[in-house]
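Side chains included, hydrogens not; waters and symmetry mates left out as well; all remaining heavy atoms used.
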Amino acid sequence: MGDRFSMTIETRYLPDSGSQYNALNLSESELRSREIDYVDICTDDLVIRSSKSEEHPRTFKSEKTGRGPLVPGWRDSVNPIMCCYKVIKVDFQYWGLQSRVEQYIHRYGLRDILLLGHCQCFCWIDEWYDMTIEEIREMENTVKQKLDEIRANEEEEEESEDQ
């Protein structure tokens with residue numbers, strides 16, 4: 001696809017319940033064209049349908065922090081709270097397919113992955129809550145190395161299939 005497809009995700013975490021108007025400092029043009037999607041890890045239909053009970057914020061209770069289970073309306077009553085603001089930009093430059101593919105990626109591809117990932121992050125809090133910044137960096141490096149190995153293997157397999 002080369003230069004005809006690109007996707008960027010910008011993220012910012014803030015200690016609020018989603019009340020920032022322009023958390024990622026978008027331009028006036030970007031503000032006019034953005035679509036806001038409030039993703040709720042407690043009440044979203046996808047979470048209700050697909051989460052394992054131990055990874056569902058409505059049933060999970062942290063042993064280390066006492067947080068959870070979440071109930072509808074939790075964003076107005078839970079403290080401390082953090083909101084993950086994301087701006088996802090998708091550019092698919094293929095005439096006739098552009099808007100459909102871009103909308104599909106936004107609405108179904110990324111949203112579901114991000115939603116379930118944030119549910120897991122909340123429900124796995126006991127695994128990461130006591131980690132030091134050094135332990136977090138070590139874990140990030142380990143994951144990066146594993147992903148690099150997977151990507152390299154996939155590229156090798158694609159090259160061998162092309163020959």
Those residues at least two apart in sequence (or on a different chain) that pass side chain to side chain donor-acceptor pair (under 3.5 Å) with S33 are none

Side chains of C84 and Y13 in contact at under 4.5 Å (non-hydrogen atoms): yes

With a 3.5 Å cut-off and sequence neighbours excluded, list the donor-acceptor pairs that the side chains of residues 14-26 form with protein atoms.
from: D16; atom 1: OD1; to: G18; atom 2: N; distance (Å): 2.7
from: D16; atom 1: OD1; to: Y85; atom 2: OH; distance (Å): 2.7
from: D16; atom 1: OD2; to: Q20; atom 2: NE2; distance (Å): 3.3
from: D16; atom 1: OD2; to: Y85; atom 2: OH; distance (Å): 3.3
from: N22; atom 1: OD1; to: N25; atom 2: N; distance (Å): 3.2
from: N22; atom 1: OD1; to: L26; atom 2: N; distance (Å): 2.7
from: N22; atom 1: ND2; to: L26; atom 2: O; distance (Å): 3.1

Could you work out, with side chain to side chain donor-acceptor pair (under 3.5 Å) as the rule, every residue matching E140, not counting sequence neighbours? R137

Minimum side-chain heavy-atom gap D37-R111 below 4.5 Å: yes

Remaining members of hydrophobic cluster (4.5 Å side-chain criterion), Y38: I36

Minimum-distance pair of heavy atoms, taken over all atoms of G68 and K61: O-NZ, 3.3 Å

Which residues pass the side chain to side chain donor-acceptor pair (under 3.5 Å) test with K144, not counting sequence neighbours? D148

Locate the shortest heavy-atom distance separating I41 from P57; write the atom from each residue and the value. O-CG, 3.2 Å

Is the closest side-chain donor-acceptor distance between S27 and E30 under 3.5 Å? yes

For T132, is there any backbone N or O sitting under 3.5 Å from a side-chain donor or acceptor partner on E135? yes

Return yes if some donor-acceptor pair links the side-chain N/O of T43 with the main-chain N/O of D40 below 3.5 Å, else return no. no

Taking every non-hydrogen atom, the tightest pair across I81 and V78: CB-O, 3.8 Å

Step through the shown structure and confirm whether more than 12 heavy atoms of other residues, nucleotides or ligands are within 6.0 Å of CD on E10. yes

Examine the side chains of T11 and K86 and answer whether a donor and an acceptor come within less than 3.5 Å of each other. yes

Let me have the donor-acceptor pairs involving side chains of residues 120-127, under 3.5 Å, with sequence neighbours excluded, atom names and distances please.
from: Q120; atom 1: NE2; to: E55; atom 2: OE1; distance (Å): 3.3
from: W124; atom 1: NE1; to: E55; atom 2: OE2; distance (Å): 3.3
from: D126; atom 1: OD1; to: S62; atom 2: OG; distance (Å): 2.5
from: D126; atom 1: OD1; to: K64; atom 2: N; distance (Å): 3.2
from: D126; atom 1: OD2; to: E63; atom 2: N; distance (Å): 2.9

